[in-house]
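All remarks here apply to the structure that follows.
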Amino acid sequence: MREILRRSLTGAVYIFLLLSAVFLSSDAFDFLFMVFGLACLYEYKRLIGLKGYHIFIAYLALWWAFIYFVHDMFVVYALLFLTLVVNFALLFYLFSKKEKLFNTFQKFMIGLFYVGGGCIFLTMIPYTDDDFVKFLIMGIFILIWINDTFAYLVGRAFGKRKLFPRVSPKKTWEGAIGGLVFTLAAAYFMAKYEPIVNQVQWVTLAAIIVVAGSLGDLVESKFKRDAGVKDSGAIMPGHGGMLDRLDSLIFAAPFAYLTLNIFANVS
């Protein structure tokens, strides 16, 4: 009971911070995810065994440049391409049965684009034609939360077939499918409140977010398993670390950003 209460209180504080930042101002939202990115990078460094503080400087420089100064979409797409390349490399790492030992340069580049790039594109998603579309980013947060919640509930009630026991033995196919179904249903109704994308596009976006987010969760689980730890950190009592909380979002963010840009260009 005490553990449930602790998890609930921590979750409530986390949601309060997100909602406050989103509805207060775009600058507050930007600053919050810059800080979240630093926290995730700190935990990533400890998981992967990356020494030094150069990655924090590189992340802050990259974040500041792309959030405030870079307006050339060719440069943005170059960052998107590099981030997606690193994410697909991490998927290869996820499904490989061989033990992978990253060198220092690889650890640095993975952290900069997997964590840093993910946080940057998560921050860029709500900006459409110089407007801050708060309900768009809130919709994406809600979709991730619905998927996580119902994947857990359905998996606990009906789960029998293990999804990826080598990396995350508690996850099941039933839970994954249950989370996807409820998330798609939520996306269908969400279009009534944020018409910047239509119902078909919301459902498509939801499917991409669920699949990419679930893979991101597994990637972080493999990092933890290789490091021999249960959680990436302890900053969020009952939930583990910040990377534990944001692993799905930061991995799915570049895929969501790409999808939204395709929608904008084909509509």
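Val181 has its side chain out of reach of Phe150: every pair of non-hydrogen atoms, C-beta onward, lies at least 4.5 Å apart. With a 4.5 Å cut-off on side-chain heavy atoms, Phe95 and Leu215 count as touching. Side-chain atoms of Tyr114 and Thr83, non-hydrogen and from C-beta on, never get closer than 4.5 Å to each other. Asp247 is not listed as a side-chain neighbour of Leu218, based on a closest heavy-atom distance of 4.5 Å or more. For the pair Val210/Ser214, a side-chain contact is recorded, criterion being any heavy-atom separation below 4.5 Å from C-beta on. The side-chain heavy atoms of Leu112 and Leu82, taken from C-beta on, include no pair separated by under 4.5 Å. No side-chain heavy atom of Phe189 sits under 4.5 Å from any side-chain heavy atom of Trp202. The closest side-chain heavy-atom distance from Gln201 to Thr259 is not below 4.5 Å.
Judged by distance alone, the side chain of Lys162 and the main-chain N or O of Pro169 form a donor-acceptor pair under 3.5 Å. With hydrogens and angles ignored, the 3.5 Å screen pairs no side-chain donor or acceptor of Asp217 with any backbone N or O of Ser248. Looking at Lys45, its side chain never comes within 3.5 Å of a backbone N or O of Lys51 through a donor-acceptor pair. Judged by distance alone, the side chain of Glu43 and the main-chain N or O of Cys40 form no donor-acceptor pair under 3.5 Å.
For Tyr127 and Tyr257, the gap between ring centers reaches or exceeds 6.0 Å. Proximity of the aromatic rings of Tyr93 and Phe223 is defined here by a centroid distance below 6.0 angstrom, and this criterion is met.
In the hydrophobic clustering of ILVMFWY residues, with side-chain heavy atoms under 4.5 Å counting as a link, Leu38 and Leu50 come out together. Cluster membership for Phe92 and Val167, using ILVMFWY side-chain heavy atoms within less than 4.5 angstrom, is not shared. In the hydrophobic clustering of this structure, Trp145 does not group with Val203; members are Ile, Leu, Val, Met, Phe, Trp, Tyr whose side-chain heavy atoms approach within less than 4.5 Å, directly or through other members. Taking hydrophobic clusters as Ile, Leu, Val, Met, Phe, Trp and Tyr residues chained together by side-chain heavy-atom distances below 4.5 Å, Phe88 shares a cluster with Leu94. Under a hydrophobic clustering in which Ile, Leu, Val, Met, Phe, Trp and Tyr are joined whenever their side-chain heavy atoms come within less than 4.5 Å, directly or via other members, Tyr42 and Leu32 fall into the same cluster.
The nearest pair of heavy atoms linking Ser232 to Glu220 is CB-OE2, 3.4 Å. When every heavy atom of Phe66 is checked against every heavy atom of Val76, the shortest pair comes out as CE2-CA, 3.9 Å. Scanning all heavy atoms of the two residues, the minimum distance from Ala187 to Ala206 falls at CB-CB, 3.5 Å. Shown here for Ile209 and Ala252, the closest heavy-atom pair between the two residues is O-CB, 4.0 Å. The shortest heavy-atom contact between Val22 and Phe29 is CG2-CD1, 3.8 Å. Taking all atoms of both residues into account, the shortest heavy-atom contact from Ala28 to Ser25 is N-OG, 3.1 Å.
From Leu205, atom CG reaches atom CG of Asn198 across 11.0 Å, with rounding to the nearest 0.5 Å. One finds the OG1 atom of Thr183 at 11.5 Å from the CD1 atom of Ile142 (value rounded to the nearest 0.5 Å). Here Asn87 contributes atom CG and Leu80 contributes atom CG; the two are 9.5 Å apart, rounded to the nearest 0.5 Å. For the atom pair CZ of Arg46 and CG of Leu41, the computed distance is 14.0 Å after rounding to the nearest 0.5 Å. Taking CD1 of Ile140 as the reference point, atom CG of Leu136 lies at 5.0 Å (rounded to 0.5 Å). Atom-to-atom distance recorded for Met190:CE and Ile146:CD1 is 5.0 Å, nearest 0.5 angstrom.
For Lys160 and Glu174, the salt-bridge test fails: no basic side-chain N is under 4.0 Å from an acidic carboxylate O.
Taking a 6.0 Å sphere around OH of Tyr188, one finds it holds 12 or fewer heavy atoms contributed by other residues, nucleotides or ligands. Counting heavy-atom neighbours within 6.0 Å of Arg156 CZ, excluding the residue itself, gives a total of 12 or less. Within 6.0 Å of CZ in Phe105 there are 12 or fewer heavy atoms belonging to other residues, nucleotides or ligands.
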Got a list of side-chain donor-acceptor pairs under 3.5 Å for residues 56-63, not counting sequence neighbours?
from: Tyr59; atom 1: OH; to: Phe33; atom 2: O; distance (Å): 3.4
from: Tyr59; atom 1: OH; to: Met34; atom 2: O; distance (Å): 3.2

Which donor-acceptor pairs under 3.5 Å do the side chains of residues 115-126 make with protein atoms, sequence neighbours left out?
from: Thr123; atom 1: OG1; to: Cys119; atom 2: O; distance (Å): 2.7

Let's go through Tyr44 and Lys107 carefully: what are the C-alpha distance in whole Å and the side-chain angles of both, what is the deciding distance for side chain to side chain contact (heavy atoms under 4.5 Å, CB included) to 0.1 Å, and is it a yes or a no?
CA-CA 9 Å; Tyr44 165 81; Lys107 292 175 182 178; 4.1 Å; yes

Ile48 and Phe102: side chain to side chain contact (heavy atoms under 4.5 Å, CB included), yes or no, with the steps?
CA-CA 8 Å; Ile48 208 76; Phe102 298 109; 4.0 Å; yes

Can you list the steps and then say if Phe108 with Gln106 is a side chain to side chain contact (heavy atoms under 4.5 Å, CB included)?
CA-CA 5 Å; Phe108 180 89; Gln106 290 171 329; over 6 Å; no

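In this view, Val154 and Phe158, Phe182 satisfy the side-chain contact (heavy atoms from CB on, under 4.5 Å) rule, not counting sequence neighbours.
A cation-pi arrangement is absent between Lys222 and Phe164 under the rule of less than 6.0 angstrom and at most 45 degrees off the ring axis.
No option in Leu84, Val85, Leu79 other than Val85 meets the side-chain contact (heavy atoms from CB on, under 4.5 Å) test with Phe81.
Remark: the Lys171 side chain and the Ser168 side chain contain an N/O donor-acceptor pair separated by less than 3.5 Å.
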